[in-house]
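Data first, discussion second: the structure below is written as structure tokens.
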Amino acid sequence: MFYREAGQFKSTYAADMAVFPIRQDRIGIAVILLLAFVGVPLIGNDFFTSTVMIPFLVFSLAAIGLNILTGYTGLISLGTAAFMGVGAYAAYKLTTFFPGVNIIVLVLVSGLFSAAIGVLFGLPSLRIKGFYLAVATLAAQFFLQWAFVRVPWLFNYNASGAIEVPQRLFFGIPVTGASASPETRYFVCLVLVVVLTWFASNLVHGKLGRSWMAVRDMDIAAELMGIKLLNAKLLAFAVSSFYAGVAGAMMIFFWYGGGEAADVFNIRLSFNILFMVIIGGLGSLIGSFFGAAFIASLPTILKFGLPALGVPLSGATAEHVTFMLVGALIIVFLIVEPHGLARLWQIGKQKLRTWPFPY
Amino acid sequence: MSIATLDAPTSTTPASDNILSLNNIEVIYDHVILVLKGVSLTVPRKGIVAILGANGAGKTTTLKAISNLLKAERGEVTKGSIVFEGERVDKMSPNELVRRGCIQVMEGRHCFGHLSIEENLLTGAFTRRDGNAAIKRDLEKIYELFPRLKQRRSSQAGYTSGGEQQMCAVGRAMMSKPKMILLDEPSMGLAPQIVEEIFEIVRRLNAEDGVSFLVAEQNTNMALRYATYGYIMETGRIVMDGAASMLRENEDVKEFYLGVAEGDKKSFREVKSYKRRKRWLS
Amino acid sequence: QDSVYFANNAYRTGPFSGSGIPIGDGMRDYITMINERDGGVNGVKIVYEECETGYDTKKSIECYEQAKSKNTIVYSPWSTGATLAAIPRAHIDKIPILSMAYGLSASADGTQFPWVFIPPFTYWDGASVMVKHMAAELGGMDKLKGKKLGLIHLDAPFGKEPIPVLENLAKKYGFELKIYPVAAADMQNQGSLWLSIRRDRPDYLYNQGWGAMNPTAVKEAIKNNFPINKLVGVWWAGGDDDARAGGEQAKGYKSLSWANAGTGFPVMQDILKHVVEKGKSTTPKDKVGEALYNRGVYNSMLVVEGIRNAQKLTGKKVVTAEDMRRGLESLNITEARLKEIGMDGFATPTSISCTDHSGHSKMFVAQWDGAKWIKGSDWIEPLKDEVRPLIETNAKDYAEKAGNWPKRTESCEKSS
Amino acid sequence: MNAEPMNVTGEPMTGKGEVLLAVENVSLRFGGVKAISDVSFDIRKGEVRAIIGPNGAGKTSMLNCINGFYHPQEGRITYKGARRDKMKPHRAAAAGIARTFQNVALFKGMSTLDNIMTGRTLKMKRGFFWQALRHGPAMQEEIEHRRVVEDIIDFLQIEHIRKLPVGKLPYGLQKRVELGRALAMEPELLLLDEPMAGMNLEEKEDMCRFILDVNNQFGTTIALIEHDMGVVMDLSDRVVVLEYGRKIADGTPDQVKSDQKVIDAYLGVAH
Amino acid sequence: MSDVAARPAPNLLANGWIKAGLILAGLVVVALVGAQLDGSGTFYKVFIDPFQQMVAAPDLLAQTIWEGLVSGVLYALIALGFVLIFKASGVFNFAQGIMVVFAALTLVGLHEKGVPAWLAVILTLGVMFVLAVTIERVVLRPLVNQPDIILFMATFGITYFLIGFGESLFGGNPKQMIADELYLPKGAIDLQIFGGLVSLQKIDIAAAVIASIMIAALALFFQYTRIGRALRAVADSHKAALSVGISLNQIWVIVWFTAGIVALITGIMWGARSDVSFALEIVALKALPVLILGGFTSIPGAIIGGLIIGIGEKLGEFYWGPLIGGGIESWLAYFIALGFLLFRPQGLFGDKIIERI
Ligand SMILES: Nc1ncnc2c1ncn2[C@@H]1O[C@H](COP(=O)(O)OP(=O)(O)OP(=O)(O)O)[C@@H](O)[C@H]1O
Ligand SMILES: Nc1ncnc2c1ncn2[C@@H]1O[C@H](COP(=O)(O)OP(=O)(O)OP(=O)(O)O)[C@@H](O)[C@H]1O
Ligand SMILES: [Mg+2]
Ligand SMILES: [Mg+2]
């Protein structure tokens, strides 16, 4: 009834090509942004902000990165965590080399390093396809993770092998380091994520995005349309790794706050991000957010939420139940809608449009 | 909407004479896309029935609804019933249906790309239980019908040409020794000679082995030549049906499907681009 | 009734759960025993809550945040990764971290790390004791020259901790140090590593391992005919399951330890009586008294004694995290006190001071007798003179790199 | 390059204009399978050139050679005077060769509009950073090309499916979208591989109309593979007939139709 | 069939991007590796010394190769489970690793409850069958004809579920495999050759023999039987398989049950070598390069790939690993696989990727 596009006519192509052509959608986005910028800091406590919201943002960004590669370009990667790691270590090294430069700039620059490494490991993608390509990215995953432990230069020769996050100020407010408040860190992450999401959205809706999707859907035909496969694929690797790198840097600087970084960027994380992308919806930016919420935040919420609701479970049992529940939910969601939560969302909107009729 | 019925539907004949009957079925894809809006049709035992209609009319969907392959595409039959040999089959699994003798040749080939042509044909005999010798014999028969397949028997199907794959798909279905074959666009991509041959095979199987056919076909000319009865579909509905001979004489059918309006076949160079109005849809 | 809240990380799931479960059991059961037997510490019940981490740093951070939001009086991270992540936070949030014989060795420097406690000693102390033990068996420190010590370690910060001390000692005493890292993914797949060991023929092996890595190492040692009594594990490589995996031939396997195994101590009897036999624990009775279980008990004892000390210092019954820090910082567990709490012979006295947050206490070499761990040596003092300077330089280094590291604001307690 | 195209084909010149593409003695093998053996023919500017032959004759393979997807082992292919039998497929696109496919090769996950827009890829020049902003020049460019694409959509009468993902469209419409995508490239040479398979008469008529219009209005040269003899005979200027990879006839539709070899191999009984 | 592919193999060096990339890649690897090597005598250390070592101590070389062989066989066993399911349903079964753990734990768990060893094996097989049926009913049936990656994702759901389920049933403690009760051989055969001692564990020999028999049997089954053919057909296209009357449900139960059997055997073998614990699940990742090197669809590929990877990584780690700090085993396997893939994108024995338009 209320969700209708009737009466909204588009008289220009520009309006028709907008990312959210329907007014209600635009209002929805505005509300969400308002909630994110004002609502969360107002109502959320520290615990919520730092263990649910910040991880959610970090993972969303990483998932967007992987979605560009896997969802839009059709290249499966199991090395996302390693590329995130490159971002994190690059940012760490950059802070030691350029202590004076603004930390946010450094975080963004570190993405470039990750992009370069991503391109390197993307090279085999011209010849290797599908799950076979996964091995190339697995090589990246394990090699880089090894390097994070074995190359002491990367962690400034610290005896423990851990990296520390120094305190850095932004307009006089600490944004990294232990004294940065969760809200500040959350804001920084939020701004980065919003801006980068906007860029990603622009890219995937334009020529580049179309080339990527063409390569994904039918690479031979794409080549015959004049798209250079290698360029398109490598660019996808670059952009994707850039996002992963920034997410990795954010992860260490705004969330973990240092520590044992090598182990953080392990294969499990790579898998998890892939799953976020799949569950959220391949080839859908909004799906990346859904996926991140589902895979990263749901277990946390279950774990701390169930006892709060009075479900009397011991730590280990709760963990087991969480595992089973998440596993079962993954399967249920896939069965209900294999194209991910994003598609479910769309169908929901479609139903809303035809409501109260079934179709 | 008015439906022009040229012939009393076969409902007067007893059901037992129909090998297949669809009763007012409705199909929805993805929970929201309504594609078939109440389709009823019957195939008499040992009959050849054609479904004609424009692109997107729902021919393929109808066939898939019968063979129960819809589920694999997230479609479902929400209303109506499908009866094959006197039994409701709308909840039956596809392999059960094949075992009972109803097999579909899918539109767009769908060979097993990594299997050789011969292996492809042999998978068609998966449900058969009458021994290797009989299967071998039938295999030879197929090769006789399609000599081209014999030449390419050990090639991986994925590498063969479009037409070869089409032959392979048809041959594969015949390998299951069915009572009824659902043929979806058998002529697509085949050389005229082979098209003719395929329909000859249909006729032969029908006459000699008593196999029934339900054929969805764009080549109306051909279809109406070989079928005994025809249904015409438009956007998910049956809009006309009748004996093939009568359909062939119908003015609308002549103009839109046979291209022989005003008695003469016109050249493709002469056709004008204009949006046609379907006369039976008011 | 009055109560204090104590959050403990546990990992009863995941690849390291084999070690995590007995420790968690020991910790929980001791606290339950105190609550049951004494009605808490001076009448203040300890609300003990486990937070499951699965040995995953991400989850441990969540656990930390939860512990913080529930005002825990002390945080016990139970993994080196989790400790590293918690240290900077705890300094801001003013929550004492108790990382018993694990975590960041450098954090033993109380002047730089006022909120971190690492009793009774650090990994660096352990490494030095390993060298001392080797020397003792060879017949003196001077006999070390030209010998070979191998270090098998989990390829993670935890595993790498002993390296700096061993490197220093190797230089000083002229023995050769060989390092064999084991990637987490290859914990159960150590074939080529042991081939290298066969090639290099080290005289002793020190195993800084954890979880599934340990039983595999023991089995491989047996398989490769490495003399099992020359393989010495760090205390975390001294679980009963670790040794049991080797079967008959594991007899003689050693590990460092400071808390004796077995149930022959009054405190263990109390746990059996007040907790296990009353069905207030999930621990199977035959697991009570295993090596790792007993270390869990020891850890909880430190917490309880810390609370007690804090109560004494502040005169409050219900202490806060800041009080707890004071309590821990002046913790002095004497021989007499050990006796009082039923731990006579269970462990040695240990004391923490303002500058020294570890105590550098004595330890012993435990040995597997085929069925259980027994005390296989006298109490050995770590090479404090080697370890302490390293701790101080590293602590300073850490603070420097972190930039703006909070300076110690709490003055050292003069009492006790 | 051969002096006279007439010598190559040995057929009278009935086509229009000069030679746009010449195929000379091309052979293509896959292991033991000879897909094409020693075939020569040419395509002249502005004509509709049909390639027919029984199934497996090598027609599709021929097109694949022309746009660089297969590289023939022998012989040469010259396009606008330049050799291109060793070229990469994307070069073909840049040189103005577009095609449609026998098994529809659309980008299934994308909408009709986006599919056709990909045809414009080569013509869009804005760099990465403008695209990331999607404002100013990038947006202008996008709109410009959108306009062209909308014209094509109008032309093909597929307005109603503009925003639908193509994967689930009925077959006939997919073929039409594919044609649109090829047209969006504004090709000089358009290769059509069975564009009318699986269509009913009415749709075939539409398709013929489109093909003829393209040919007439834009002067696009067309190479057409089709099994419907009616269409081939009516539309094409010249026809080349392949069988088992060999050329068996080449000439005007009437010549070919009455060629006994062609009747035996392909047409069967006189059509 | 077609050995001479007419589709040109992309010439990797022709492209400027690739050339630059490869140079950059070379630089990065050299820099990272070089950072680990100390400068003096690098050439000697890398290219001469290892070979001298091999010659000087042939017993160690033999032992290394044997170790590689054994771990190769064990990788191959895990890979085999993957291959079975992939070949027969096109599903990349991420859950294979946890199935190994689950099977082994069930066996040991049952034995702990007092069930005699062999009965426990039979009961475990029963459990694996039930698991196969459940997975088919609950997961696969509703997901028929979905893209590979979706099914892959679903197996991840299964993994999660089994981890939680398994741990709540059996607890997280590592358990010992009941090797003696199953009459698995113990001890070692020590060979005095090459002037040294080469010790072959009997359990390893048993593993190699069992694996070879199993692999040979399965390979024959797939190639030459009716069901085998049907399995391959299903992997090619669910839809087409349905249309010719192949019962996916039945096929899937068969395949997942077979994979369950393989998982049990793998679990017993791995468990007898180290321990049965959830950490074993991680080892399953090592099966991936094996799988990819051999080709996803090839059963003999699993064993050959396993051997190449096993021996390659052991030699690499043993002779070259120490030069750059050791631990290179963790990634060497993937690089070996990658190297092969660059020349054969479908793996050594995998079905050729069909590219045709
Ligand atoms: N899987 C699907 N999901 C959603 N819609 C579908 C799906 N398959 C088909 N449709 C829609 O159903 C309608 C009927 O399609 P169907 O394939 O049955 O037509 P058809 O008569 O066989 O056409 P053609 O002659 O082109 O083969 C079409 O509008 C199509 O877009
Ligand atoms: N990549 C390939 N590998 C092996 N054989 C191939 C390959 N491509 C084509 N062939 C073979 O070459 C022959 C010619 O195939 P092509 O597709 O060109 O035929 P066609 O003339 O287009 O037939 P149709 O009319 O059936 O589409 C066929 O026998 C086919 O099997
Ligand atoms: Mg159809
Ligand atoms: Mg063709």
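Naming convention: chains lettered A, B, ... in sequence-line order (proteins, then strands); numbering from 1 in each chain.
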Subject >> Which atoms of V239(A) approach chain D - backbone, side chain, both or neither, heavy atom under 4.5 Å >> reply: side chain
Subject >> F199(A) side chain reached by L196(A) side chain, heavy atoms, under 4.5 Å >> reply: yes
**OP:** For residues L120(A) and F237(A), determine if any side-chain heavy atom of one lies less than 4.5 Å from a side-chain heavy atom of the other.
**Re:** no
Original post:
Excluding sequence neighbours, so at least two apart, what forms side-chain contact (heavy atoms from CB on, under 4.5 Å) with E144(D)?
Top reply: none
Original post:
Side chain, backbone, both or neither: which part of A92(D) has a non-hydrogen atom closer than 4.5 Å to chain A?
Top reply: neither
**OP:** Please determine, among K108(D), M124(D), Q140(D), the option with the most heavy-atom pairs under 4.5 Å with chain A.
**Re:** M124(D)
Subject >> Within residues 175-190 of chain D, residues adjacent to chain A where the heavy-atom gap is under 4.5 Å >> reply: R181(D), M185(D)
Original post:
Taking the six-membered ring for Trp, are F155(D) and F210(D) parallel (under 30°), tilted (30 to 60°) or perpendicular (over 60°)?
Top reply: tilted
**OP:** State, without any angle test, whether D193(D) and T100(D) hold a side-chain donor-acceptor pair at a distance under 3.5 Å.
**Re:** no
Original post:
Is it true that the side chains of S288(A) and N67(A) contain a donor and an acceptor less than 3.5 Å apart?
Top reply: yes
Subject >> Over 12 non-hydrogen atoms of neighbours within 6.0 angstrom of NZ in K34(D) >> reply: no
Subject >> Heavy-atom pair count under 4.5 Å with chain D, highest-scoring of G226(A), A222(A), S211(A), A200(A) >> reply: G226(A)
Subject >> Spacing of SG belonging to C65(D) relative to CD1 belonging to I36(D), to within rounding of 0.5 Å >> reply: 4.0 Å
